J.: 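Take this structure first; my questions come after.
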Amino acid sequence: MQLSELEIIRREKLEQIRNLGINPYPADLFPVDTLTSEIKQNFEEGKKVVIAGRLMRKKIQGKASFGELQDSEGRIQVYFNRDEICEGEDKTLYNDVFKKLLDLGDFIGIEGTLFETQVGEKTVLVKDFKLLSKALRPLPLPKTDAEGNTHDEFNDPELRYRQRYVDLVVNPKVKEVFKKRTKLYNAMRTFFNERDYFEVETPILQPIAGGAAARPFITHHNSLDIPLYMRIANELYLKRLIVGGFDGVYEFSKNFRNEGMDRTHNPEFTAMEIYVSYKDYNWMMDFCEKLLEFCAIQVNGTSKTTFGEHEIDFKAPYARVTMADSIKHFTGFDITGKSEDELRAAAKDMGIAVDATMGKGKLIDEIFGEKCEGNYIQPTFITDYPKEMSPLCKEHRDNPELTERFELMVCGKEIANAYSELNDPIDQRERFEAQLKLAEKGDDEATAFIDHDFLRALEYGMPPTSGMGIGMDRLIMYLTNNPSIQEVLFFPQMRPEKKAVALNDEEKAVLAILKANSPLELNALKEQSGLSNKKWDKTIKGLTKHGVAKVEKTDDGLFVKTA
RNA sequence: GACCAGUUAGCUCAGUUGGUAGAGCACCUCCCUUUUAAGGAGGUGGUCCUGGGUUCGAGCCCCAGACUGGUCACCA
């Protein structure tokens with residue numbers, strides 16, 4: 001590995017620290033008793049504190065210095081005075097360890113007392129400090145000026161996502177996003193647990209990837225010698241638990257879909273799914289709007305949130321519009337009672353690309369997606385979806401062409417999807433068979449396998465149940481005003497960083513000679529390689545460049561050795 | 001998948017018609033005992049994303065590729 005000048009300097013300092021008898025990575029606990037936030041909130045002149053964190057600023061002014069210590073809560077100014085730290089004659093701890101050997105980013109522990117400087121900055125007067133962990137790589141160091149402008153911000157998205165640990169250290173706003181994410185989870189758990197709904201865990205490795213239509217990741221179990229799929233949804237398992245007698249179950253489900261990536265799609269993402277027995281989708285709408293109002297307030301302190309140019313209010317209740325009314329409102333076309341051909345002609349008139357394979361449901365869905373969906377900025381329930389789009393949803397009590405389904409639209413995108421769950425096992429089997437036929441015809445949105453065990457469960461009887469799924473990543477994007485899913489995932493999926501260093505044939509051959517006999521005199525190696533002058537030159541340069549071989553000059557001549 | 005943009009020091013970025021690669025911060029040396037994005041003086045640091053090509057000469061022009069971001073398409 002090629003080290004930069006800065007990294008070499010830090011490694012040399014590490015050696016010097018060891019030479020002073022200081023362990024740069026001590027094992028023993030450090031008795032932290034205060035966080036920087038507590039110091040700021042309950043400031044008390046002269047109070048003794050023990051704090052720890054990264055040294056993030058170091059301004060040496062001769063025999064005294066200011067610094068900044070960053071812990072999990074933020075930063076506090078620290079003041080290093082030579083004679084406070086070194087009471088005797090030996091000033092090594094200040095002059096050498098602090099001034100020369102400590103770098104920005106190093107973890108240190110500090111014992112000190114609180115005071116305010118002449119300009120009124122709350123500060124820890126350092127009485128003693130201890131190196132807790134040496135940082136060998138330099139951190140980027142954004143700075144904020146008096147007007148709040150950030151200079152040299154660490155803002156390259158590629159570096160930020162690939163090295164999220166660095167992003168979190170130097171960009172405090174990033175940490176806030178993830179704190180809110182966890183607050184959202186906690187708020188939901190509180191809301192559900194208060195109602196005695198039961199948090200469960202269901203299989204991620206599934207023999208049939210059911211519950212949604214998406215391409216799964218496939219893997220293989222060696223001792224069973226069967227394929228297994230990473231779940232694309234957990235719906236069918238939660239319903240089995242309702243069959244088993246739980247009144248309400250929920251799960252935060254990491255789902256995996258082997259599809260394209262963009263700023264709203266990551267191959268793994270989180271859905272919250274909840275199923276409650278003896279309820280229907282009307283009840284679930286009431287539940288959903290109360291839940292989201294509660295969550296927004298828990299996360300942001302208010303039901304209002306800003307997303308891009310929009311201000312959204314999650315305060316309940318939300319408007320409820322049937323899909324037919326929505327289409328009538330935005331296109332003037334009434335879909336009720338229309339035949340497939342009439343729908344296709346209408347869609348075509350609206351400029352929507354249609355083809356002969358599209359059924360009624362698909363046509364309606366296209367019209368809605370094209371002409372209506374994007375208009376719903378404030379939270380709005382769209383209800384009563386066409387039957388063929390919803391194979392797990394109960395038929396509408398008033399209209400056999402529709403289902404008892406709603407989606408919650410916010411900023412033109414779906415964030416929740418809910419049904420009165422289909423619990424008629426015969427109907428369910430027929431819907432699965434219909435899906436199977438669609439899949440055989442080549443519709444890749446249709447589910448190609450029938451989960452017979454799920455049908456068996458339904459045959460034992462599932463109570464009337466309403467279920468809902470919420471896209472957690474999308475919801476937290478709204479609540480933190482982030483237009484990209486990568487900003488709300490700690491470690492978004494990225495392409496592999498680098499291809500492995502590829503050596504060419506000459507380089508491989510020379511390396512093989514060298515490995516058998518290292519170090520080797522340079523000219524001897526050259527002769528053994530049998531390469532022409534030019535080839536040799538290129539090859540040895542390539543090897544040193546890749547850091548696999550090293551040329552050293554001694555009094556006896558030039559020697560090559562493996563790195 | 002298509003199109004557009006980007007990739008230069010640890011970080012953020014300049015880089016003129018193709019002619020010895022720059023700044024700020026960071027880093028190193030020296031001075032400085034209540035400063036605060038930035039005290040003073042001096043200095044070090046480069047795979048200009050990779051590989052080809054054009055050229056006397058390429059960070060810059062041409063071709064191919066990698067990665068990233070954006071828009072669109074596809075996909076819940």
Side-chain angles (χ1 to χ4, degrees), chain A residues 2-10 12-13 56-68 75 77-85 94 99-100 103-105 115-123 125 135-163 166-167 170-171 211-215 232-233 255 257-267 269 271 353 365 369 373 389 407 413-417 444-445 469 471 473-474 483-484 486 492 494-499 501-502 504 541-542 544-547:
Chain A
Q2 203 79 344
L3 293 180
S4 71
E5 186 201 16
L6 298 183
E7 289 171 303
I8 292 166
I9 289 167
R10 288 196 178 207
E12 285 167 2
K13 288 181 179 179
M56 293 301 280
R57 186 167 74 93
K58 197 173 146 192
K59 172 161 168 53
I60 293 171
Q61 308 184 161
K63 297 178 186 66
S65 308
F66 286 96
E68 249 172 6
R75 294 187 183 186
Q77 177 162 271
V78 288
Y79 177 64
F80 290 82
N81 182 304
R82 188 193 65 182
D83 299 326
E84 293 280 347
I85 295 166
Y94 180 78
K99 273 172 71 173
K100 291 197 194 321
D103 287 306
L104 299 186
F115 78 107
E116 268 191 36
T117 63
Q118 289 174 0
V119 291
E121 183 85 19
K122 293 180 173 65
T123 305
L125 173 64
L136 293 182
R137 286 175 186 258
L139 287 165
L141 290 167
K143 294 188 177 178
T144 308
D145 65 20
E147 282 89 51
N149 304 312
T150 305
H151 303 259
D152 299 338
E153 186 175 16
F154 181 59
N155 58 11
D156 180 332
E158 179 168 7
L159 287 176
R160 288 182 49 233
Y161 301 152
R162 286 195 196 280
Q163 301 185 43
V166 174
D167 193 28
V170 305
N171 291 329
R215 190 140 43 110
I232 57 173
N255 295 337
R257 296 186 181 179
N258 203 344
E259 287 166 354
M261 291 161 56
D262 60 32
R263 63 183 194 147
T264 58
H265 295 86
N266 195 66
F269 64 100
D365 192 59
E373 193 173 57
M389 307 298 296
E407 289 194 353
K413 292 258 160 72
E414 167 224 337
I415 65 164
N417 181 20
D444 33 329
E445 281 185 43
D473 306 296
R474 205 167 275 180
S484 158
Q486 297 166 107
M494 302 286 273
R495 278 177 203 277
E497 211 167 325
K498 261 180 218 154
K499 283 185 286 186
V501 178
N504 65 32
K541 275 181 179 160
T544 52
K545 185 170 138 189
H546 289 133

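Chain letters run A, B, ... following the sequence lines, proteins first and then strands; every chain starts at 1. What you are looking at is a predicted structure, and each value in this text was computed from that prediction instead of being measured.
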J.: For B/C11 and A/Asn155 - does any side-chain N or O of the residue sit under 4.0 Å from the phosphate oxygens OP1/OP2?
T.: no

J.: Provide the Watson-Crick or G-U wobble partner of B/U71, both distances under 3.5 Å; none if there is no partner.
T.: B/A2

J.: Checking contacts here: which listed nucleotide (B/U33, B/G10, B/U12) is nearest the side-chain heavy atoms of A/Leu6?
T.: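 Between B/U33, B/G10, B/U12, the one nearest the side chain of A/Leu6 would be B/G10.
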
J.: Do the side chain of A/Glu121 and the base of B/U36 come within less than 3.5 angstrom through a donor-acceptor pair of N or O atoms?
T.: yes

J.: Name the nucleic acid region contacted by A/Val119, choosing base, sugar-phosphate or nothing; use a 4.0 angstrom heavy-atom cut-off, strictly under.
T.: base

J.: Base, sugar-phosphate or nothing for A/Tyr161? Non-hydrogen atoms, less than 4.0 Å.
T.: sugar-phosphate

J.: Return the nearest nucleotide to the side chain of A/Gln118; candidates are B/U68, B/C32, B/U35.
T.: B/U35

J.: Could you tell me whether the phosphate oxygens of B/A26, OP1 or OP2, come under 4.0 Å of any side-chain nitrogen or oxygen in A/Lys143?
T.: yes

J.: For A/Glu12, answer base if it contacts any base atom (sugar-phosphate contacts may also be present), sugar-phosphate if it contacts only those atoms, and nothing otherwise; contact means non-hydrogen atoms under 4.0 Å.
T.: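 The residue A/Glu12 makes no contact with any strand.
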
J.: B/A37, OP1 or OP2 - any side-chain N/O from A/Lys59 closer than 4.0 Å?
T.: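 Checking A/Lys59 against B/A37: no side-chain N or O falls below 4.0 Å of OP1 or OP2.
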
J.: Does a nitrogen or oxygen in the side chain of A/Asn258 sit under 4.0 Å from OP1 or OP2 of B/C75?
T.: no

J.: Specify the residue among A/Glu68 and A/Leu141 whose closest nucleotide of RNA chain B lies further upstream toward the 5′ end.
T.: A/Leu141

